[in-house]
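In what follows, a single structure is set out as structure tokens and then discussed.
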Amino acid sequence: MIKTPANDELLDLSLTRLATLIRDRDVSPVDVMDACLRRIAVCDPEAHAFISVYDEQARSVARASEAMISAGYPIGPLHGVPVALKDNICLKGLRTTAGSKILAHWKPTEDATVAAHLRASGAIIVGKTNMHEFAWGGTSANPHYGYVRNAWDPSRFPAGSSGGSGVAVAARMCFGALGTDTGGSVRLPAAVNGVVGLRPTIGRVSNFGVVPLAWSMDTVGPMTRTVEDCALMLNAIAGHDRRDDGSASVPTTDYAANLERGAKGLRIGVISGYSLQHLQPAVLAAITNALKAYEALGAIIVELEMPDISGNVSAQLTVEACEPSAYHQRWLRERPNDYGEDVRLLLRLGELHFATQYIQAQRYRALLRSRFVDAFRQVDVVICPTLPFTATPLGATTVLIEGAQEEDMLSAIMQFTGAASLTGLPALSVPCGFDAEGLPIGMQLIGRPFDESTLFQLGVAFQRATKFHLQKPEVGGRLERPPV
Amino acid sequence: MSREVDAEAVLVLAAAAGFDLAPEDARSLAPIAAEWFRGARLVSALVGQEAHHTLLPVTHFRHPEEAGGTL
């Protein structure tokens, strides 16, 4: 019989530490799964982070996992670790709704490649997480499965579209989760819920078996509480997939290796008029402090000029308007009332665009990518906030950033995530502070294509020097009390 | 100066795209369409006619060295 620490201690372990303890038979996968399911049962009626929870199946797999590890048969690096998938990632025979009414009863006939990879690495899928309907939006205010609530303040939004995954990880309902990122949908909820989120290089992770939003920008990405955990999850899901035409046939590396190389000598680019512009004061302070922390660690801060970046939000909106409207064209005509109001409006808006607008936006992507390729001759990464504000009240459609001018949420939320989405570059969101109300702030590191390792290296260096990632949301604290 | 997109223009565009739209939906869409189209014009101005930015390969880094990669 494997001995196990108390439940609270279990849930606070990092994914990496938990995996080690399970492998060493110091922790039982059954006890870990019980703790997660108990946390979900207590927390999720308010958080709405999950659409489906596989209680029975997850417990059964955890028992098998314990039997195998006890017999000396570890399946892989994530043996026995409870994880969650955003509900636009297919699991064979289990409904995959994409947060929609339209797919409410859809049961795919195949697993998504990333789901199969996670299972092959030994992870146990505890459930599927709530999201913005069809991933087309940044609030996770889902009219069909409930508004997802922020892990740090349930009266606030969790961002999106992978809001359920961000909340599930932050509130310790699982140890890691997959989201999908088109215009920022992994990085935004990671930042707003105080966890780590990676948008990998486009093509690095297979999209096979994932309900698309905008094909040319979609990618799956991991969300975890530490950077090491994120690297471990990327190890499990990265790689070429012949079933995905957009998959890159570029060798992977061990992303969890050499994480302790530090920041010394690395060059961090700050884009003039962009990286530190148009921010809430607390966000500006947090990013400024992060730059100081990196300088203290021996990194070199380099100022960059990139005036063309001014078009990034509009280009992103154009691409993100048009591609989903092509995918949804038939449903939009046959079942318009089965969409939530906001998504129906956006899909109709996409249909109004002209071909030349879409083509110019695609050409802009090539221009922007060439600017970043030039920049990476001077720097190793580019830094900026993940988003310019902290969590807004639930249901808000506008936001105050500077002064008294209310801004449209969708445009404002993409201010810093669009560049990596348009260029296909990898980007890592790392917790870097809190505002006066205790709401998390995230910074974003954008790297060279396929150079996720440098992002992880810098992320780990920051987490060694700071303790933001170790702070727990109050909701987690309340949940540590036994369920009533 | 081109005319801004209004509800009437949205109804025409929707008809051209082949779907029905209630007048109140057109009114909701019009200011958003106007703003997004303004942005699209900005993007067009940035790429310009003289620039040789093509559609391929826009996003997929199949050859990382050529794309500025480090492998």
Side-chain angles (χ1 to χ4, degrees), chain A residues 201-204 216-217 246-251 253 307-308 310-315 317-318 321 325 329 332-333 336 344-346 348-349 351-354 356-367 369-370 372-374 376-377 380 408 411 422-425 448-451 453-454, chain B residues 2-71:
Chain A
T201 310
I202 194 87
R204 174 73 299 169
S216 70
M217 297 194 293
S247 177
S249 54
V250 175
T253 184
D308 295 323
S310 61
N312 85 91
V313 174
S314 290
L317 288 174
T318 300
S325 295
Q329 195 171 50
L332 191 61
R333 280 154 182 71
R344 185 171 59 241
L345 182 143
L346 288 168
R348 283 174 167 166
L349 184 59
E351 292 225 27
L352 305 182
H353 279 68
F354 295 91
T356 45
Q357 292 170 329
Y358 177 76
I359 290 168
Q360 295 292 54
Q362 294 288 20
R363 292 178 72 223
Y364 172 80
R365 297 174 69 177
L367 169 70
R369 192 181 80 159
S370 74
F372 270 91
V373 169
D374 288 345
F376 286 130
R377 295 193 179 97
D380 298 293
D408 171 64
S411 303
L422 290 166
T423 55
L425 295 167
R448 296 186 176 96
F450 298 104
D451 192 15
S453 292
T454 299
Chain B
S2 60
R3 185 183 139 191
E4 285 291 348
V5 175
D6 57 15
E8 189 186 346
V10 166
L11 284 171
V12 172
L13 288 170
F19 65 94
D20 297 325
L21 206 54
E24 61 270 23
D25 290 334
R27 281 194 293 275
S28 302
L29 273 167
I32 308 170
E35 186 186 333
W36 288 28
F37 284 12
R38 272 197 300 274
R41 286 196 290 274
L42 166 75
V43 170
S44 286
L46 285 173
V47 289
Q49 208 168 3
E50 70 284 0
H52 194 68
H53 303 300
T54 66
L55 291 175
L56 294 173
V58 174
T59 55
H60 295 156
F61 297 105
R62 292 170 193 278
H63 307 288
E65 286 84 1
E66 291 173 19
T70 54
L71 292 181

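Each chain gets a letter, A, B and so on, in the order its sequence line appears, and its residues count up from 1. All figures in this text were calculated on a predicted structure; none of them were measured in a lab.
Here the closest heavy-atom approach between residue A:L352 and residue B:F19 is recorded as CD2-CZ, 4.1 Å. The two atoms that bring A:R333 and B:A17 nearest to each other are NH2-O, 2.8 Å, heavy atoms only. In terms of heavy-atom proximity, A:S314 sits nearest to B:A40 at CB-N, 4.3 Å. Of all heavy-atom pairs between B:V43 and A:A361, the closest is CG1-CA, 4.0 Å.
Atom CD in A:E351 sits 11.0 Å away from atom CG in B:L29 (nearest 0.5 Å). A distance of 8.5 Å separates CZ in B:R41 from CD in A:Q357, rounded to the nearest 0.5 Å.
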| said: Quick one, A:S411 with B:E35, criterion side-chain contact (heavy atoms from CB on, under 4.5 Å). Give me CA distance, side-chain angles, the key distance, then yes/no. | reply: CA-CA 10 Å; A:S411 303; B:E35 186 186 333; 4.1 Å; yes
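With a 4.5 Å cut-off on non-hydrogen atoms, A:F372 does not touch chain B at all. If you measure heavy-atom distances from A:R348 to chain B, the contacts under 4.5 Å come from both the backbone and the side chain. When heavy atoms are compared at a cutoff of 4.5 Å, A:S310 approaches chain B by way of both its backbone and its side chain. Contact of B:D25 with chain A is made through the side chain alone, with heavy-atom distances under 4.5 Å. Neither the backbone nor the side chain of A:L332 comes within contact range of chain B; no heavy atoms are under 4.5 Å apart. For chain A, the nearby parts of B:V10 are the backbone and the side chain; heavy atoms of each come within less than 4.5 Å.
Taking the side chain as every heavy atom from C-beta outward, A:F354 and B:L13 approach each other to under 4.5 Å.
Taking chain B as the reference chain and counting heavy-atom pairs below 4.5 Å, the highest number among A:T356, A:L349, A:T318 is found for A:L349.
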